[in-house]
Amino acid sequence: MIARDVEITDLRPDAWRNLASLIETSRIADVRPTHPNLLSILHHGGKVLRVYAPAGFRVPAIELVDDPQELAKKLYYQLPGLDSVQILEKDSLVQFSDRAQRADWVTNDLEDFVFKAYALAEQDPAGLAFYPQFSSKWNGFPLESIRAWITSGPDPCAYFLGITRNSTPWLTLILRVVEKKIRLITTIDFLARFDVPVAGMPSNPKDLSAVCEAIHAHVAPIRSALICDYMTFARLLSSEDKRRDLTLAMADGSASSFGIIE
Amino acid sequence: MAIRIESNGLYLEGRQIPLYSGSVHYWRHAPEVWRTILERIKELGFELVSIPIPWGLHESGPGIFDFGERNPQKGLPKFLDLCRDVGLLTVVRPGPVIDEDMPYGGFPLRVIRNAAVWALTSTGAPAVSSRLTPPVAIPSYASEKLFQEITKFFDQLMPILTPRQYPDGPIVLCQINRETAFMGRVQAYDLDYSPESITLYRQFLNEKYGSIESLNGVYGGRYTAVGEIVPPKSCEAVVQRDLPWYMDWVEYKEYLIRRFHTRLAQMFRERGVTVPLAIDGPAVFSTPVDSLALQKIIETPLFGMEIEPRPADYHAMAAHIRYLTGTSRLPYASRFGSGESWFTPNVLTPAEQEFCILCAVMHGMSAVDFHMLAEGDRWVGAPIKRSGAFREEYADVFRRLGVFFAHHKIWDSKKNCRTLVLVSTGLERYHSAFSTLNHAYLGLLRIPKVFSEVPSSLGFQTEPMQQSILEEGSWIQEACRYLENAQVEYNLAPSRLMLDELTKYDMVFVPTADFMDPQEQEKLLGFADRGGHLVFGPALPTLDERMNPASVFGGVTPSPGTQTRESGKVTFLPSFELAKDLITPDMPNVVLLDNPNLRLTIRGGSTILVYLANPTNTIQRSLMISSWPLRGAWNAPGETQAGSVTTEVAPFSVQVWEVLK
């Protein structure tokens with residue numbers, strides 16, 4: 001999805017900081033939260049070597065691992081508050097590392113290597129057991145769906161996410177997709193190259209819409225844009241029916257969109 | 001050599017220039033803005049600019065190089081000439097490793113996808129670093145094929161660099177390589193198990209032991225030739241006599257790094273590079289990086305360290321700067337982020353950037369290269385934008401600091417520090433030997449650190465594994481905490497530091513376990529004989545590093561307590577709970593605080609400055625007791641008289657006071 005020679009440029013520091021916080025809190029790729037309540041058990045051929053539990057969790061004494069998948073699931077439900085349980089056979093860990101590094105590292109897209117490594121970890125259920133499994137989701141959106149959506153647009157095309165907060169642009173993210181790969185990741189500062197006056201950027205969703213014209217002219221035709229205030233975006237992220245809530249937000253003027261929002 | 005390195009920077013035929021620079025990635029900017037960017041750098045107060053030179057960028061096809069002849073954006077010679085025209089001196093960094101978020105770590109794909117140059121893991125897989133984006137196979141420091149390829153690159157590059165050396169051109173310093181330790185893969189049993197590396201391992205054993213009989217005597221083996229010895233792939237030591245095999249593998253990794261960089265240094269010299277050489281090290285305290293030995297191979301005491309400015313990691317940053325200050329004559333942060341890589345979770349604010357720089361200065365940094373001062377792609381928060389315009393809020397930090405540093409002649413000053421904490425080479429090697437499961441990508445699974453540690457139960461009275469500087473609760477960590485609580489500033493250094501260096505300090509702390517190099521013990525007693533106060537603990541060493549009986553400290557202090565020794569003292573301190581009278585009244589800083597959350601250091605030169613850091617996220621107030629009158633120099637109000645004053649320090653900020661004498 002992200003070309004390995006992607007240009008990542010003109011990142012407005014505060015906008016980029018805000019984006020990072022969004023990724024942190026929403027656990028993009030959901031594979032592992034940053035500070036998880038993660039119970040880990042290391043064994044060798046079934047004999048438990050080490051147990052590592054987060055503070056506050058009392059794990060029952062375990063000496064042998066018979067069915068690692070079942071045990072991971074059982075412990076997950078037995079100890080409420082855990083984010084996940086992993087039961088790892090020592091030799092399988094070594095083999096996992098070996099397979100990950102023998103995988104193709106030359107032709108992958110930028111993000112592929114990490115995700116392929118997680119997929120490899122799941123391919124040895126007898127040796128490496130995880131409960132729940134890696135979900136590769138971002139706020140309910142499966143990674144594969146995000147990839148399919150990003151790469152299904154016309155060639156070339158652009159995507160824009162603009163979020164305002166306290167009358168300032170809180171986040172502006174612009175992507176350019178060429179030949180089904182993201183080739184440019186930037187913020188509205190990129191438009192300064194074309195004498196677009198980004199220093200005095202508009203401060204509400206309606207005004208921010210004007211940016212779309214500049215993106216269209218200087219980046220690529222916009223396939224999709226979502227512009228809203230921070231509270232609306234936060235509601236959308238946690239919403240179970242995003243389509244309905246987006247429609248409502250657009251109807252009451254707290255969000256606007258261009259192109260296709262799926 | 002017309003250029004020499006002293007403790008306050010470079011001397012160009014007698015003219016002193018602080019080693020205070022920022023890097024520019026010329027290829028990431030349009031040639032039309034090069035001049036503007038260089039002029040902006042000068043406006044921020046810099047006299048030096050540093051330039052990484054990516055091999056993979058310039059080798060446009062097998063053996064075909066472009067230094068601007070076809071693509072002007074690759075015009076290294078023009079860029080160097082422009083530096084001279086603008087009046088900037090330059091530090092060149094031709095790698096071969098440069099990383100810098102370049103595809104394949106800056107290597108040509110042709111080179112790095114050749115299996116003959118790969119470092120191999122213990123399972124025979126290429127060691128692929130996922131730290132770089134995109135990932136790349138880490139080159140083997142033992143690969144002759146790699147050296148052949150580097151030769152081709154250097155043969156093309158050096159005719160561009162050498163005529164542009166000072167005084168004929170702007171180049172005043174040349175940095176060898178980057179990320180000195182296998183691109184950060186420092187674990188003992190991770191790599192390098194390539195056939196050429198194993199051959200070198202055996203060569204190392206030959207050099208160390210001299211004969212197979214001598215080796216058998218230590219290993220307790222019946223080898224007929226060193227070629228029969230295979231390296232360990234994990235730690236399975238059962239008895240103490242098993243240790244040397246594992247410890248030798250750990251030591252070999254140091255040898256491999258040293259050998260690789262020695263050859264690189266020779267390649268530079270053979271091709272006419274006459275300016276001083278520098279080495280860029282990772283932020284590690286010990287094995288596999290032997291910072292003292294590496295300084296010897298480049299003839300100049302310039303071993304730099306990469307510092308990640310992270311306000312929340314103040315303690316780690318301070319420790320690394322203290323280590324640099326204890327290890328190198330010119331404490332040099334050879335890569336200090338001005339801004340952050342694009343995938344960082346926390347882009348520094350201008351205030352955080354300021355905090356980190358001043359923290360580094362207060363703990364002893366005396367030379368620095370700010371990474372990507374002019375922002376290229378994949379970077380965020382630099383003071384100069386890609387277009388050449390200032391990013392004002394960040395540029396302002398550098399502008400004000402530049403004026404402050406120049407006004408107070410900061411780079412001529414030295415941190416007041418009379419206390420040294422030694423990092424034991426033997427204990428750190430042991431810790432490395434007993435750390436396994438160190439395979440790449442286990443980090444993705446968030447494997448707990450304790451899973452990497454092999455249960456160590458070889459019958460030692462004091463468990464050596466727990467005495468590494470990396471272990472919470474170790475004696476050395478307790479020593480550091482003890483000194484900080486007593487408001488005594490200290491440096492860190494490897495225990496192999498020469499006696500002459502030790503004698504610059506009044507007090508030296510060294511962690512010990514059951515085994516310790518007897519020569520190192522003799523040297524430390526020599527420090528006490530010259531008037532110093534040596535403090536060791538928690539154990540009394542009774543064995544040498546080959547596990548033979550040997551006791552040097554035991555002859556002086558067989559039991560806990562302090563013994564007077566000629567003009568100095570030796571204290572055997574099993575626990576810091578017993579450390580009542582170690583700190584004498586004259587040791588703490590002459591300025592005292594009553595708030596332990598604040599950190600205080602003093603740097604003296606033509607002016608004396610008192611630095612007060614608040615590494616917490618809340619405002620801290622303190623009574624500051626000073627026998628000197630003080631004047632606010634940075635973030636600090638007005639003047640005070642000698643005596644006491646209550647001061648308030650904002651979260652993650654540094655106050656600086658000038659002593660009025």
Please classify the contact between [X] and chain A as side chain, backbone, both or neither, with a heavy-atom cut-off of under 4.5 Å.
X	value
B/R391	side chain
B/I112	both
B/A382	neither

For [X] and [Y], work out which heavy atoms get closest and say how close.
X	Y	value
A/P13	B/G381	CG-CA, 3.9 Å
B/V380	A/L11	CG2-O, 3.5 Å
B/R386	A/T9	NH1-OG1, 2.8 Å
B/D377	A/V6	OD2-O, 4.4 Å

More than 12 non-hydrogen atoms from neighbouring residues, nucleotides or ligands closer than 6.0 Å to [atom1] on [X], yes or no?
X	atom1	answer
A/Y52	OH	no
A/R102	CZ	yes
A/K181	NZ	yes

- How many angstroms lie between atom OG of B/S387 and atom CG of A/D10, to the nearest 0.5 angstrom? 7.0 Å
- Query: Do any N or O atoms from the side chain of A/W16 and from the backbone of B/W342 form a donor-acceptor pair under 3.5 angstrom?
  - Reply: yes
- Task: Verify, without hydrogens or angle tests, whether A/Q101 (side chain) and B/V128 (backbone) share a donor-acceptor contact under 3.5 angstrom.
- Result: yes
Please state whether the side chain, the backbone, both or neither of [X] comes within less than 4.5 Å of a heavy atom of chain B.
X	value
A/L39	neither
A/L49	neither
A/D14	neither
A/R99	neither

- Message: Before you tell me yes or no, could you show the steps for B/T349 and A/R17 under side-chain contact (heavy atoms from CB on, under 4.5 Å), namely the whole-Å CA-CA distance, both residues' side-chain angles and the distance that decides it to 0.1 Å?
- Response: CA-CA 9 Å; B/T349 63; A/R17 197 178 306 122; 3.6 Å; yes
- Query: Looking at A/T187, A/I41, A/L128, which makes the most heavy-atom pairs under 4.5 Å with chain B?
  - Reply: A/I41
